Amino acid sequence: MEKLVPPAHAAAPPLFARLEADLRRVRRSMEDTTAVGPRRIGGPLAHYVKRPGRLFRPVLTLVSAYVFDTAPSGPRSDRVVDAAAGMELLHLATLCHDDLCDRAATRRGHPTVNAAFGDDTALLTGDLLLACATSVFSRLGEHEMRVAGDTLKQICLGQMLEMADVGNLERTEDDYFSAVSGKTAALMATCARVGSALAGASAPAQETMASFGRSLGMAFQIWDDVLDIWAPPGITGKPSGQDIENGVFTLPVIHALREERLELSRLLRRRPYSAERHEETVRVLDRLRVRERAVETARGYITDALAGVRGLEPSVDAVSPLVEVARRLMPEIGHLLPETADGNADPLRP
């Protein structure tokens with residue numbers, strides 16, 4: 001597994017040593033859960049499981065538990081690891097379906113399941129990953145199963161709201177935030193809620209952690225949308241401007257349409273949406289400084305997230321591990337932290 005701690009940090013702090021060990025357990029749990037069916041049909045299912053990203057959602061689940069439970073092992077720890085694996089399997093299922101809806105060719109710098117194995121196989125792979133996630137949550141208990149089911153409904157509704165606005169030049173900020181709240185923030189809220197609950201957090205503390213995860217998810221998606229427009233392909237692992245090409249107008253574009261409707265509409269409507277067309281679009285967006293406005297909105301969500309966890313009971317030092325993880329493992333979120341905003345190199349520049 002790729003090391004979580006950058007090479008510059010020769011001595012990993014205890015938090016990261018524990019996190020690396022637990023993420024290895026998460027990987028094993030995911031692989032065991034998805035080891036179903038004959039080997040000859042196992043390729044699509046293993047496509048993302050064997051090549052995970054940064055395991056953002058399992059990290060959030062685990063660290064949310066660490067805040068309330070300092071014991072590195074035991075039955076409680078096993079349940080948290082299983083929950084983290086279930087969250088990632090649920091996320092991978094949505095990726096399969098999203099890539100199919102978007103007709104995406106690459107994900108994380110590699111072919112998508114639909115590109116590698118075909119649309120029908122991608123659809124069934126996403127369904128099977130959902131079934132695997134369901135089996136994990138069913139082992140955890142009725143409450144966890146119900147929470148996971150409610151979360152999946154929110155994810156689907158958020159994605160459907162986004163699809164309903166494809167190509168809609170009238171899309172509003174409220175429309176955008178409603179979609180993001182479901183398709184991205186809901187799962188991250190659940191990760192933080194379930195992780196803290198399995199570690200014994202009180203009901204009010206669980207709500208605080210869920211709010212933290214939700215705000216983190218909103219910031220994450222806004223920043224991801226900024227990257228989609230401005231980042232070189234080598235950073236995101238997919239072509240720049242894919243959202244715009246698919247007719248998904250995210251926060252920077254929504255802001256820009258309010259100010260330069262005529263010129264921007266012409267660029268967005270013309271097909272094919274080529275690399276040259278994207279460069280023209282970016283020049284308009286840069287002139288309007290909408291990237292900076294979107295980043296400030298994301299930073300506001302981060303500020304809200306941290307303010308919430310600072311309000312937890314005094315005996316719980318919640319902020320320190322959560323911020324430490326954000327700084328080291330989640331560069332897009334670390335960039336938005338108010339404490340580190342000044343003086344950071346711009347990660348969008350090559």
Side-chain angles (χ1 to χ4, degrees), residues 48 52-61 63-64 84 86-102 104 107-108 126 129-130 133 147-166 171-195 209-229 231 236-238 242-243 246 248-254 294-295 297-302 304-305 308 322 325-326 329-336:
Y48 290 145
R54 287 167 296 160
L55 299 174
F56 193 112
R57 289 146 192 87
V59 166
L60 181 57
T61 306
V63 176
S64 296
M87 297 300 173
E88 184 65 9
L89 290 172
L90 180 55
H91 173 58
L92 292 179
T94 65
L95 291 188
C96 275
H97 289 153
D98 286 353
D99 289 339
L100 182 58
C101 291
D102 294 342
R107 164 81 64 176
R108 300 169 179 167
L129 283 166
L130 282 177
V147 170
D150 288 343
T151 303
L152 181 56
K153 283 192 289 187
Q154 292 180 63
I155 293 171
C156 293
L157 288 170
Q159 188 62 39
M160 290 177 72
L161 284 171
E162 181 174 280
M163 291 177 66
D165 278 331
V166 167
R171 193 184 194 199
T172 66
E173 288 182 51
D174 286 344
D175 295 333
Y176 170 80
F177 289 131
S178 293
V180 170
S181 179
K183 74 169 200 167
T184 302
L187 181 55
M188 294 181 70
T190 297
C191 289
R193 180 192 298 278
V194 170
M209 292 303 299
S211 180
F212 169 82
R214 186 174 297 105
S215 293
L216 200 67
M218 296 296 288
F220 178 88
Q221 186 60 60
I222 294 169
W223 185 253
D224 192 61
D225 293 340
V226 168
L227 286 174
D228 182 82
I229 296 172
T236 61
K238 58 184 180 180
Q242 195 167 67
D243 284 339
N246 291 333
V248 177
F249 303 141
T250 54
L251 192 60
V253 177
I254 292 169
V295 169
T297 300
R299 186 170 289 129
Y301 278 110
I302 293 295
D304 291 345
L322 294 170
V325 166
L329 303 186
M330 309 171 191
E332 58 277 90
I333 297 300
H335 177 70
L336 299 174

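Quick caveat, the model's predicted, so the values are computed rather than measured.
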Worksheet item: Which distance, rounded to the nearest 0.5 Å, do you find between the CG of L90 and the CG of L152?
Response: 5.5 Å

Worksheet item: Okay, side chain of T94, backbone of H91: is any donor-acceptor separation there less than 3.5 Å?
Response: yes

Discussion item. If you compare all heavy atoms of A298 against all heavy atoms of A219, which two are closest, and at what distance to 0.1 Å?
Written reply: O-CB, 3.5 Å

Worksheet entry | Worked check of side-chain hydrogen bond (donor to acceptor under 3.5 Å, both in side chains) between T172 and D175 | CA-CA 5 Å; T172 66; D175 295 333; 3.0 Å; yes

Worksheet item: Does the side chain of D225 come under 3.5 Å of the side chain of Q221 through a donor N or O and an acceptor N or O?
Response: yes

Worksheet item: Do any N or O atoms from the side chain of N246 and from the backbone of Q242 form a donor-acceptor pair under 3.5 angstrom?
Response: yes

Worksheet, complete the sentence: Only residue of V248, V166, V253 satisfying side chain to side chain contact (heavy atoms under 4.5 Å, CB included) with R171 is V248

Fill in: Between SG on residue C101 and CD on residue Q159, distance to nearest 0.5 Å
6.0 Å

Worksheet item: H97 versus L130: any side-chain heavy-atom pair under 4.5 Å?
Response: yes

Worksheet, complete the sentence: In terms of heavy-atom contacts, G217 and M188 come closest through CA-SD, 3.4 Å

Discussion item. Is any side-chain heavy atom of L60 closer than 4.5 Å to one of F212?
Written reply: yes

Practice prompt. Answer yes or no: is there a side-chain heavy-atom contact under 4.5 Å between F177 and I222?
Written response: yes

Worksheet item: If you take all heavy atoms of A294 and P252, which pair is closest and at what distance?
Response: CB-CG, 3.9 Å

Discussion item. As an exercise, state the distance from CD1 of I302 to OG1 of T297, rounded to the nearest 0.5 Å.
Written reply: 12.5 Å

Worksheet item: To the nearest 0.5 Å, what is the distance between CG (L216) and OG (S211)?
Response: 11.0 Å

Worksheet item: Looking at A305 and S215, what are the two nearest heavy atoms and their distance?
Response: CB-CB, 3.7 Å

Fill in: 4.5 Å side-chain heavy-atom contact, I229 and T250
yes

Worksheet, complete the sentence: G86 and A133 have their tightest heavy-atom pair at O-CB, 3.8 Å

Worksheet item: Can you find a pair of side-chain heavy atoms, one from L251 and one from E173, that are under 4.5 Å apart?
Response: yes

Fill in: Pairwise distance CG(L92) to CG(L129) - rounded to 0.5 angstrom
6.0 Å

Fill in: Smallest separation among heavy atoms of A210 and R193, with atom names
CB-NH2, 3.5 Å

Response to the item:
So CG of D304 and CE of M218: to nearest 0.5 Å the spacing works out to 10.5 Å

